[in-house]
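Take a look at the structure set out below.
As the structure is a computational prediction, the values presented were derived from the model and not from experiment.
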Amino acid sequence: MSSEPLVTNPITIFFIVLAIIVLAPVLLNRLRIPPIVGMIAAGVIVGPYGFNILADDSSFVIFGQVGLLYLMFLAGIEIDMYHLQLNFKKGLLFGLLTFLIPLALGIVVSRTLLGLDMLTAFLLGSMFAAHTLISYPVAARYGVTKTTAVLIAVVGTIITVVGSLLVLAGVVNITNTGEFDLLLFAWLIVKMTIYAISVIFLYPLITRWFLRRYSDRVTQFVFILSLVFLSAWIAELIGLSGVLGAFFGGLILNRYVPAASSLMSRIEFVGNAIFIPYFLIGVGMMVNVKVIIDPDTLTTAAIMLFVALVSKWGAARLSGLFYRMHRADSLIMFGLTTAHTAVALAVVTIGYVTFLPNGERMLDSRIMNATIVVILITCALAPIITASAASKIRLRILESDVNEEVSEPSKEYIPKTLRVLVPVSNPVTAPGLMELALLLLGKRSGGNSYQVTLLNVRNDNSSKSKTIGRTCLELAAQVAASAEVNTTQIERYDINTVTGINNVIEERDINCVVLGMHHKTTIVDTFMGSKLEQLLIKNHRQIVISRCYAPLNTLSRMIVYVPPRAQLEIGFHQWVRLTGNLGTELGCTVQYCAPAEVNESIETCLSNWGYKFRTEYKIVENGDDFVMMANMIEEEDLFLWITARQGSVSWDNEQKELPSFMSHHLQRNNLIVIYPEIRNEIVGELHSQFVSL
């Protein structure tokens with residue numbers, strides 16, 4: 001093999017990498033081999049120890065490191081924080097087991113079979129304990145990231161990474177000073193605590209301030225990544241791993257990046273398309289096939305691989321038995337925690353470059369090369385094991401959904417396909433309306449399928465009106481496309497805007513309309529505006545009206561006011577599902593304020609449909625209770641008013657006074673008003689009354 005790689009031109013190098021990223025999944029999907037394995041294998045083939053097509057140069061070092069941090073960041077930002085908190089105690093037990101068992105077994109094997117001294121055995125044991133969530137994207141692809149087993153594995157990862165780094169710091173400290181310096185170790189703990197508290201308190205403040213002032217999608221994307229890599233950099237400065245910093249940054253920023261948002265789609269796209277594949281290819285390029293086939297190295301690698309696999313499987317199985325989990329749950333925990341990459345490589349590298357007093361390396365080239373074999377094999381096995389377990393878990397979830405008893409009203413009044421209409425007329429508000437529609441439809445919730453129609457109704461055919469209308473449609477469509485949602489765009493000329501909207505509702509059989517609230521311009525102007533009032537009279541479909549001054553993902557609480565007898569409306573289940581989707585996406589506390597029997601119906605629906613987020617139920621019986629509650633609504637809150645059309649089951653005279661009250665006391669608050677679907681006969685009666693007037 002020549003010392004010079006076959007390809008040195010930067011453009012050609014990048015083309016080869018992109019070709020690998022494209023072809024590896026295409027070719028290996030037919031063989032049912034996870035793409036992650038293909039990326040690593042491709043790295044071996046094109047790397048300096050394969051056919052020497054590409055050099056393991058600074059570009060792979062930089063992009064590979066970014067890819068690893070990006071991988072851990074995605075794992076943190078995609079986690080459902082509510083479910084993580086629910087399973088945190090279980091994760092603590094698993095974390096201790098998956099840290100202590102590999103550490104203890106690694107120390108014993110290192111002393112007895114590999115002939116290492118006690119200090120070096122501790123160092124190698126910390127390598128066995130640490131793991132990376134390299135197969136997390138596999139679990140995400142199967143849609144099982146909210147399951148208990150996956151969340152337990154995530155908590156276990158945090159514990160093992162921190163524990164391994166503490167062991168590493170202690171071993172290096174003893175090697176450098178000849179004794180264990182308790183003060184230095186305590187100082188590391190103090191720095192870790194200060195770092196964690198600073199990120200927890202400062203990141204939300206900075207993020208909320210920035211997102212409220214800068215709405216440009218690219219700027220927000222770069223800002224989020226900047227905070228993540230800042231967290232990783234500071235973690236390395238204080239003696240931790242950048243991997244832990246990126247993961248921790250993702251956990252904190254999780255709240256501000258809803259899964260259904262265009263921002264999340266951009267984050268996932270950039271990571272999965274470029275950075276993470278670069279990292280995987282770089283891992284393969286480190287593998288020296290000639291050194292690996294050495295009998296001594298293979299023997300050492302076999303021993304180390306046995307320790308790595310058996311210890312991680314033992315921890316996963318013991319936790320599964322203790323919590324009476326299915327075997328597939330234990331298997332996915334094993335698959336997620338079995339890959340050794342970043343921290344493992346950091347540990348053995350530090351051991352390789354650290355010299356003992358007698359002049360020998362703490363870990364020689366035999367251990368170093370054997371570690372590369374362990375990394376390669378565990379990275380190849382982890383996605384295969386995870387995919388196998390995830391498919392079984394997904395099948396179990398689907399079977400439970402099929403067998404789950406659903407009430408008759410749910411079956412009858414929740415459409416299988418939700419057809420949403422988003423009328424847009426202002427280029428400034430069009431993107432925000434589309435974002436709201438995406439959050440209401442939900443992604444993390446895994447709700448029903450949906451179709452989105454964008455509509456612009458103009459009253460004249462001037463070039464200015466046409467340009468404004470098309471701009472509105474394009475801006476809204478761009479937001480939907482960035483979230484991987486297809487839309488149908490309609491330009492419509494009509495003398496009456498309400499008639500144009502209503503005709504599209506009937507033509508497209510729309511279930512839900514999402515539109516912006518008008519701005520009151522005159523004293524005699526009503527709170528909702530004459531156009532909306534006409535639309536309500538002529539149509540029985542669910543209508544959602546929005547007036548939000550702050551981005552929804554920066555709000556801290558959602559208050560839902562529900563009138564008496566709302567559970568008797570035929571549109572009850574539809575709007576409950578929308579609030580469930582919105583609460584799940586935003587990750588904030590949702591407070592339902594309604595009579596006791598209504599709250600009970602809401603809680604039953606959310607439970608039956610599998611929604612799990614922070615909920616509070618407050619009993620509000622009449623208008624006086626509403627006034628007292630409204631005085632506690634803050635600027636950081638989102639107020640949802642579930643109202644009713646006149647003549648419907650949940651309508652009462654008190655609701656006539658609420659618009660006037662809100663126009664005076666909730667002028668600067670974030671507000672969403674939902675008119676539930678009602679029986680079509682009521683609309684006919686209201687329309688007849690309106691015409692007679």
key: Criterion side-chain contact (heavy atoms from CB on, under 4.5 Å) on T378 and L305, from CA distance to verdict   = CA-CA 8 Å; T378 55; L305 186 62; 4.0 Å; yes

task = Determine, for D329 against R396, whether the closest basic-nitrogen to carboxylate-oxygen distance falls under 4.0 angstrom.
result = yes

Strictly distance-based, threshold 3.5 Å: is any side-chain N or O of [X] a donor or acceptor partner for the main-chain N or O of [Y]?
X: R614; Y: G587; result: yes
X: Y70; Y: I267; result: yes
X: N52; Y: E4; result: yes

Less than 3.5 Å apart, any donor N or O on the side chain of [X] or [Y] sitting next to an acceptor on the other?
X: T132; Y: H340; answer: no
X: S231; Y: Y195; answer: yes
X: T120; Y: D117; answer: yes
X: T297; Y: R366; answer: no

Nearest-0.5 Å distance that lies between atom [atom1] in [X] and atom [atom2] in [Y]:
X: S164; Y: L123; atom1: OG; atom2: CG; value: 10.0 Å
X: Y256; Y: I206; atom1: OH; atom2: CD1; value: 10.5 Å
X: L230; Y: S226; atom1: CG; atom2: OG; value: 8.5 Å
X: S110; Y: I367; atom1: OG; atom2: CD1; value: 7.0 Å
X: F275; Y: F73; atom1: CZ; atom2: CZ; value: 11.5 Å
X: L336; Y: T98; atom1: CG; atom2: OG1; value: 10.5 Å

Should [X] and [Y] count as side-chain neighbours, where that means a heavy-atom distance under 4.5 Å?
X: I281; Y: F60; value: yes
X: T207; Y: I252; value: no
X: L114; Y: L124; value: yes
X: V154; Y: L133; value: yes
X: F279; Y: V66; value: no
X: L183; Y: W187; value: no
X: M264; Y: P258; value: no
X: K312; Y: M333; value: no

Which heavy atom of [X] sits nearest a heavy atom of [Y], and at what distance?
X: A121; Y: L116; result: N-CB, 4.4 Å
X: T160; Y: H131; result: OG1-CE1, 3.2 Å
X: M325; Y: S319; result: SD-O, 4.4 Å
X: Y203; Y: L227; result: OH-O, 2.5 Å
X: N254; Y: G76; result: ND2-O, 3.3 Å
X: V155; Y: G91; result: CG1-C, 3.5 Å

task = Begin with the C-alpha distance, continue with both residues' side-chain angles, and end with the deciding distance and a verdict on side-chain contact (heavy atoms from CB on, under 4.5 Å) for I194 and S198.
result = CA-CA 6 Å; I194 295 175; S198 300; 4.0 Å; yes

message = Strictly by ring-ring contact (aromatic ring centres under 6.0 Å, His included), give each pair with a member in residues 84-122 just once, sequence neighbours left out.
response = none

message = According to ring-ring contact (aromatic ring centres under 6.0 Å, His included), does anything in residues 310-331 pair up with another residue at least two apart or in another chain? List the pairs.
response = W313-F334

task = Before giving the answer on side-chain contact (heavy atoms from CB on, under 4.5 Å), spell out for F51 and L6 the whole-Å C-alpha distance, their side-chain angles and the decisive distance to 0.1 Å.
result = CA-CA 9 Å; F51 290 100; L6 297 177; 5.6 Å; no

request  = Evaluate the criterion side-chain contact (heavy atoms from CB on, under 4.5 Å) for residue pair V144 and I332; output intermediate values, then yes/no.
outcome  = CA-CA 10 Å; V144 296; I332 200 170; 4.0 Å; yes

ask   = What residue pairs, at least two apart or across chains, pass salt bridge (charged side-chain N to carboxylate O under 4.0 Å, His left out) with a residue in residues 39-53?
value = none

query = Would the number of heavy atoms belonging to other residues, nucleotides or ligands and lying under 6.0 Å from NZ of K191 be above 12?
reply = yes

